[in-house]
Amino acid sequence: MKKIHVTTTVNGDEVDFLCEPQQTLVDVLRNTLELTGTKEGCSTGDCGACSIRFDGALVCACLVLAVEADGKQIETIEGLAGDDALHPLQRNFLELNGLQCGICTPGILIAAKALLEANPDPSETEVRFWLAGNLCRCTGYDKIIRSVLAAAKEMRESAHA
Amino acid sequence: MHDILENSGFDAGKDLKIVGTSPVKHDGPDKVTGRAKFGADLMVPGALVGKVLRSPHAHAVIKSIDCSKAEALAGVKAVVTAGDFPDFPQGTMPGDMTRNCMAREKVLYEGHALAAVAATSESVAKAALKLIEVDYEVLPHVIDPAAAKAPDAPILHDHIRTKGDADAADAPTNVTERLDIGMGDVDKGFAEADEIIEREFTTEPMHQSYIEPQACVAQVGDDGQIDLWCCTQGTHVFRDRLATLLKMPSSKIKVTQSEMGGGFGGKTTLYAEPAAIMLSKKARRPVKIVLTRSEVFRATGPVCATRSRIKIGVTNAGRITAAEAEMIFQAGAFPGSMFDNAPKAMFTRYNLENVKTVSYEVVCNRAKVNAFRAPCVPQVVFGVEGIIDELAQKLGMDPLELRLKNAAAEGYKTVFGETFGPIGYVETLEAAMNCDHYKSPVPEGQGRGVATGFWFNRGGDTTGSLTITPDGSVTIMLGTSDVAGSRISISMMAAEELGIPVEKVRANLADTSTLGNNRVTAGSRTTFSSGMVIIDSARQCIAELVRRAAEIWDVPEDGVVFEDGQCRPAGSNVGEFDPLSVADIAAKTSVSHGAIAGHSEMHVTGAGPGFGVHLIDVEVDKETGGVSVKRYTVIEDAGKAIHPGQVEGQYQGGAAQGAGWALNEAYMYDEDGRMENAGFLDYRIPVASDLPMIDTVIVEVPNPNHPYGLRGVGEVPVTPSLGAMANAVSNAIGIRQVSLPLSPPHLLAQIDS
Ligand code: FES
Ligand code: FES
């Protein structure tokens with residue numbers, strides 16, 4: 001099948017790739033660019049494991065065609081940590097046991113980061129509804145919600161400091 | 001015999017420095033940064049994409065399969081069907097297993113694999129599947145467990161005769177086995193009862209719903225050596241089953257486990273792995289197969305539906321005099337549902353004398369069911385706990401009080417023949433009665449449900465090794481899988497033994513060539529059993545450290561003690577020596593005696609049974625029938641919580657899975673036996689906004705067979721969950737709930753009538 005040339009930006013780096021017209025962005029991120037931190041749990045937009053930022057918007061990478069990435073800015077879990085430190089969300093998930101198996105974790109971290117940008121001081125209920133598109137089968141969500149709330153608090157405090 | 005199994009050295013008064021804290025787990029940093037490699041994350045140069053052709057029919061004879069057009073498609077490197085695999089007689093273990101992985105004579109469920117292709121890209125592989133021509137003769141199908149048991153049901157396997165039933169005719173049937181388990185005299189027991197309740201209960205087929213679909217990469221070398229990478233709960237079990245199915249020595253197969261994105265019992269079984277291997281062998285290239293969510297729902301995992309009739313009698317004073325049950329368990333297309341757990345566990349926690357159970361396992365046209373946390377138990381505990389609740393109401397007694405009056409304790413001989421050692425059911429009930437949730441009044445408009453549950457907890461074949469490196473830090477090899485945090489918990493126990501910081505210990509998961517055999521990671525056995533072999537290994541290292549310190553000081557070995565991570569003179573008569581730390585002694589290993597390492601292989605025994613109580617408050621919307629869970633508390637005996645954060649996580653995760661099962665989750669089949677809701681949109685597991693925070697109370701009644709008193713905590717948190725939710729909803733709307741799931745339409749119909 002004839003492939004299409006796409007030029008895009010992933011985690012700040014210019015990247016180009018060849019893809020088939022029907023290939024999804026999650027497929028290309030994982031299998032062509034080998035950025036396997038983004039997970040694929042359903043391929044139908046129902047589990048949130050493939051959550052990424054697409055020109056800032058929080059999207060399911062399984063619902064985006066790879067060709068649509070042309071000229072766009074993409075952020076994935078691989079770009080979440082800073083150069084020398086984990087993001088506060090990552091650290092709080094580790095310290096508060098916000099992950100068990102960890103397959104949902106990259107998607108949840110990306111979604112939570114988008115939440116905290118939009119709303120730095122969310123209530124428990126707001127966190128629950130924001131993350132309602134990110135399935136976790138292991139944790140019962142309790143420690144995920146606590147980790148997000150703790151990270152939010154920490155980020156607010158350091159913003160004021 | 002291993003000393004540790006005879007004498008664990010458990011010491012309730014021991015001052016613990018690491019056990020009981022909650023450090024960051026080893027696999028955590030890679031999992032929050034996206035570096036961790038799960039099943040689908042291994043990229044192998046030159047790998048082909050494997051895809052599986054699956055039956056669109058629930059039950060059909062395969063008259064012919066023609067793969068020639070697929071084979072001719074450019075980019076297709078191999079096609080396999082059942083004919084490429086060794087055959088085994090139907091009804092034998094390998095005969096059933098190979099047929100489940102690749103259908104032979106018949107397809108037995110929608111989604112049953114019957115061919116696989118390997119191609120240079122996903123799009124070519126998909127196109128190739130469309131070119132495979134299969135001629136089916138469609139047969140009548142049956143899925144419902146009671147219908148499958150009926151005499152006129154469509155028959156799946158002509159060879160099946162009912163085991164354990166003297167009255168069964170010598171004719172084909174779907175009833176694979178009848179199991180009678182009981183004790184005492186239930187007729188006498190019911191005659192002594194003042195109140196008797198008997199009810200029928202149903203639960204529907206569901207799925208473990210791990211978020212990571214099964215994935216594997218197989219590479220077969222030209223010497224026939226097989227390398228398999230996959231997400232699995234049991235590398236050795238996979239290897240040995242593959243060796244059987246492929247008729248080759250186990251030593252020619254190496255299985256390496258990826259990180260596992262949830263299993264819950266569902267990753268204990270081979271699915272596409274044999275096909276990936278055979279495709280790789282034919283194509284002489286690596287082959288990767290990643291299942292889709294729809295394949296996961298239709299062809300892997302599922303959890304058995306049940307039909308049960310349960311009867312319990314009680315005196316006015318609240319003494320349970322007899323309990324009886326007759327149950328049907330839905331095995332799916334092949335036997336092996338582990339249904340025997342149910343009659344053994346369903347009443348176990350009450351100190352009953354008179355129990356009678358009759359259990360039937362039936363095959364039917366859905367995927368062969370697989371283990372799911374406490375296999376087959378929550379489904380029937382749901383009924384038992386519903387009746388106990390109702391009896392308490394009849395007697396005007398507090399529901400936990402009634403349970404406490406009948407609670408099993410140390411010395412009780414169970415229906416499965418084991419006499420309980422120290423157990424914590426009474427303590428767990430008391431903790432529930434004393435917790436804030438139970439002491440708070442039920443809020444207006446809500447209903448509260450309580451239920452209790454039990455799981456045996458398991459041990460079994462386990463291996464591991466522990467090595468002290470020259471700088472005194474420690475590496476561990478584990479032959480089990482890590483489903484949620486066993487690596488850190490086991491490292492903590494090793495660090496506690498050796499008196500070193502846990503940051504100096506690193507546990508790794510072994511491939512099958514590294515260590516001896518391990519049972520699957522299942523049954524809440526891993527932190528317990530792998531913990532035992534690693535503690536045993538650590539103690540071997542300590543003995544060696546003591547020997548070497550004695551040699552350095554030139555004193556007898558019994559002149560040296562190991563305490564707080566150091567070898568010290570046992571007394572002043574031994575002489576004056578500065579203590580030698582683990583690192584001090586390790587530093588000398590390269591000049592004398594070589595490395596200090598321990599390894600241990602055991603059939604681990606002595607698992608301590610676990611008990612739990614769930615408390616749930618719900619509100620039912622009378623307009624929609626929707627249930628909202630307002631408050632949830634899990635109270636459970638962990639023996640000793642090695643890593644309380646992980647233990648709480650097990651409790652909370654189990655509760656959430658139970659909530660989904662009780663309220664929503666069920667397979668929906670169309671009239672042709674095809675699953676109608678094979679995706680997360682229509683098969684709805686709980687999402688974050690469906691649940692409240694889940695409070696936990698960790699009870700600690702130590703299991704003295706374990707050096708730190710640990711009991712497994714993986715299964716118990718699901719066992720009471722269905723019963724507690726059903727009791728909560730029953731109490732909220734004043735109608736006794738006997739059929740799950742308690743979905744809005746189901747409840748609305750009851751409320752409206
Ligand atoms: S894989 Fe994209 S939402 Fe599930
Ligand atoms: S931690 Fe396993 S799915 Fe969320």
Side-chain angles (χ1 to χ4, degrees), chain A residues 1 20 22-23 27 30-31 34-47 49 76-78 80-81 86-87 89-91 93-106 108-109 124-125 127-146, chain B residues 22 24-25 27-38 40-41 43 121-124 208-213 259-264 290 292-293 483-485 632 643 645-646 648-657 659 679-681 685-696:
Chain A
M1 195 177 299
E20 295 175 11
Q22 83 292 349
Q23 269 186 290
D27 181 5
R30 291 180 46 80
N31 296 312
E34 300 196 357
L35 291 168
T36 53
T38 302
K39 305 301 176 192
E40 187 163 14
C42 69
S43 325
T44 51
D46 300 315
C47 78
T76 69
I77 185 68
E78 286 87 351
L80 185 59
L86 294 178
H87 189 278
L89 277 163
Q90 291 171 311
R91 205 159 17 72
F93 269 69
L94 289 177
E95 284 166 8
L96 301 178
N97 301 293
L99 63 148
Q100 284 186 26
C101 80
I103 195 83
C104 65
T105 312
I108 288 183
L109 289 170
E124 179 197 330
T125 306
V127 179
R128 287 188 180 279
F129 277 91
W130 184 278
L131 293 179
N134 289 83
L135 300 180
C136 173
R137 189 59 156 173
C138 298
T139 64
Y141 301 103
D142 181 298
K143 293 186 190 306
I144 290 176
I145 306 300
R146 287 180 202 276
Chain B
S22 294
V24 169
K25 59 180 182 176
D27 45 318
D30 279 354
K31 286 179 174 172
V32 298
T33 52
R35 271 190 213 105
K37 291 236 172 303
F38 290 85
D41 296 341
M43 299 295 156
S121 74
E122 169 127 4
S123 49
V124 174
Q208 294 86 347
S209 295
Y210 30 83
I211 304 300
E212 178 201 32
E259 291 293 339
M260 186 168 42
F264 317 114
V290 182
T292 64
R293 179 56 49 186
V483 296
Y632 204 132
H643 185 299
Q646 301 287 343
E648 289 167 8
Q650 287 297 307
Y651 292 6
Q652 292 164 335
Q657 290 178 344
F680 280 136
L681 187 62
I685 70 171
V687 303
S689 53
D690 291 337
L691 293 168
M693 292 298 189
I694 300 169
D695 294 328
T696 57

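These values consider heavy atoms only, across backbone and side chains, with no hydrogens, waters or symmetry-generated copies. Protein chains get the first letters and strands the later ones, always in sequence-line order, with residue 1 at the start of each.
In this structure, chain A has a heavy atom under 4.5 Å from the backbone of B:Met260, while its side chain stays farther away. In this structure, chain B has a heavy atom under 4.5 Å from the side chain of A:Leu109, while its backbone stays farther away. Only the backbone of B:Pro692 has a heavy atom closer than 4.5 Å to any heavy atom of chain A. Within the 4.5 angstrom heavy-atom criterion, no atom of A:Asn134 approaches chain B. Both the backbone and the side chain of A:Phe129 come within less than 4.5 Å of a heavy atom in chain B. Residue contact with chain A, scored on non-hydrogen atoms closer than 4.5 Å, involves the side chain of B:Phe264 exclusively. Contact of B:Ser209 with chain A is made through backbone and side chain together, with heavy-atom distances under 4.5 Å. Contact of A:Leu86 with chain B is made through the side chain alone, with heavy-atom distances under 4.5 Å. For B:Glu212, the parts lying near chain A are the backbone and the side chain together; criterion is any non-hydrogen pair under 4.5 Å.
Here the side chains of B:Glu122 and A:Gln23 are not in contact, with every heavy-atom distance at 4.5 Å or above. Proximity of B:Arg293 to A:Thr44: side-chain heavy atoms (C-beta onward) are nowhere separated by under 4.5 Å. No side-chain heavy atom of A:Ile77 sits less than 4.5 Å from a side-chain heavy atom of B:Thr33. By the 4.5 Å heavy-atom criterion applied to side chains, A:Leu99 and B:Val32 are counted as neighbours.
Looking at B:Gln657, its side chain does come within 3.5 Å of a backbone N or O of A:Arg137 through a donor-acceptor pair. Although no hydrogens or angles enter the test, the distance criterion places no donor-acceptor pair under 3.5 Å between the side chain of A:Asp142 and the main chain of B:Met693.
The pair A:Lys143-B:Glu648 meets the salt-bridge criterion, with a side-chain N (NZ, NE, NH1 or NH2) lying under 4.0 Å from an Asp/Glu carboxylate O. Electrostatic pairing of B:Asp690 and A:Arg128 does not count as a salt bridge here, judged by no charged N lying under 4.0 Å from a carboxylate O. The existence of a salt bridge linking B:Asp41 and A:Lys39 is confirmed by a sub-4.0 Å separation between a basic side-chain nitrogen and an acidic carboxylate oxygen.
Most heavy-atom pairs under 4.5 Å with chain A, from the set B:Gly649, B:Gly28, B:Ser121: that is B:Gly649. Here B:Ala40 is the residue among B:Gly485, B:Ala659, B:Ala40 with the most heavy-atom pairs under 4.5 Å with chain A. With respect to chain A, the highest number of heavy-atom pairs below 4.5 Å among B:Val483, B:Asp27, B:Ile211 belongs to B:Ile211. Of the listed residues (B:Gly653, B:Gly262, B:Gly679), the one with the most heavy-atom contacts under 4.5 Å to chain A is B:Gly653.
Put simply, the residue from B:Gln652, B:Lys25, B:Gln646 that forms a side chain to side chain contact (heavy atoms under 4.5 Å, CB included) with A:Asn97 is B:Gln646.
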